[in-house]
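In each ligand, atom 1 is the first atom listed, and ligand 1 is the first ligand listed.
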Amino acid sequence: MLDVIEKLLILQERDRKILRLRAELTRIPIEQANASGRSAKAIAAHDAAKLVVKQIETAKKNLELEADALKQKIDKYATQQLQTKKNDEYKLYGDEIEKAKKLINGLEDQQLDLMEKIEAAQKDAAAANKIAAAAKAEVDAELAQLASRDNGFKKELSDLETTRAALTEGVDETTMSKYTRLLKTKGESIVVGVEHHTCGGCHMKLPPQLVHSVKAAKEVVACINCSRILYYTRDMDLVSSD
Ligand SMILES: [Zn+2]
């Protein structure tokens, strides 16, 4: 095998690691957003449950105010009833007082009903609170883990990138620029083997003369279809039976 091919294979292995780390790093913010969204949902559910409690409490308060207003009316009618000397007015005030008392009874029944509803809503809110707290704890742990993974990957990536230049030493400029171009367009598969007389990158059948050149290993040979750099090893002979 050509010395330069050996160097390129090592470089390619390095670039594969770099590309995979970069891909991992782009996924981390998405995972962070997903995790945060999960706890946000549980927190919103808890907020909604708390709001229900508040709404019922307000409704109950309104009933109390209504009852208070009626009680004041009763007091007023009672005073007027004492002051009047007319029988029909006396009776009229008496009727109004009875009517108001009935309304107050009805309001009190409604209040009791709402008190039960408040109790149930408070239970729901407490349960939602538990779920939200658990979700937040879980998400916080996940976010911490993601942050640490992010740090680790960034450090690893920086190490791999810093020492990469050393791996390009001894590779001639023409081959290097070819490799760099392929790295941009083909990603992690640039230096590929010849198997069954086909290119290991695009899997097109290669002309016998080209396969011969690759086997001879005198110069860097590229696939005529995809331009990837080709190499040949003895191990490939064992599988290139056709
Ligand atoms: Zn090819």
query: How would you list, by chain and number, every residue that makes a salt bridge (Lys or Arg N to Asp or Glu O under 4.0 Å) with E156, sequence neighbours excluded?
result: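 Here no residue qualifies.
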Those residues at least two apart in sequence (or on a different chain) that pass side-chain hydrogen bond (donor to acceptor under 3.5 Å, both in side chains) with Q110 are none
*asked:* For T162, give me all partners under side-chain hydrogen bond (donor to acceptor under 3.5 Å, both in side chains), at least two apart in sequence or on another chain.
replied: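 Counting only residues at least two positions away or on another chain, T162 forms no side-chain hydrogen bond (donor to acceptor under 3.5 Å, both in side chains).
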Original post:
Hey, which protein N/O/S atoms does the Zn ion (ligand 1) have under 2.8 Å?
Top reply: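 Metal shell, protein only: C199 SG, C202 SG, C223 SG, C226 SG.
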key: Presence of salt bridge, D95 and K99, under 4.0 angstrom   = no
Assess the side chains of S227 and R181: does a donor N or O sit below 3.5 Å from an acceptor N or O?
no
Original post:
Is there a side-chain contact between K73 and E96 (heavy atoms, below 4.5 Å)?
Top reply: no
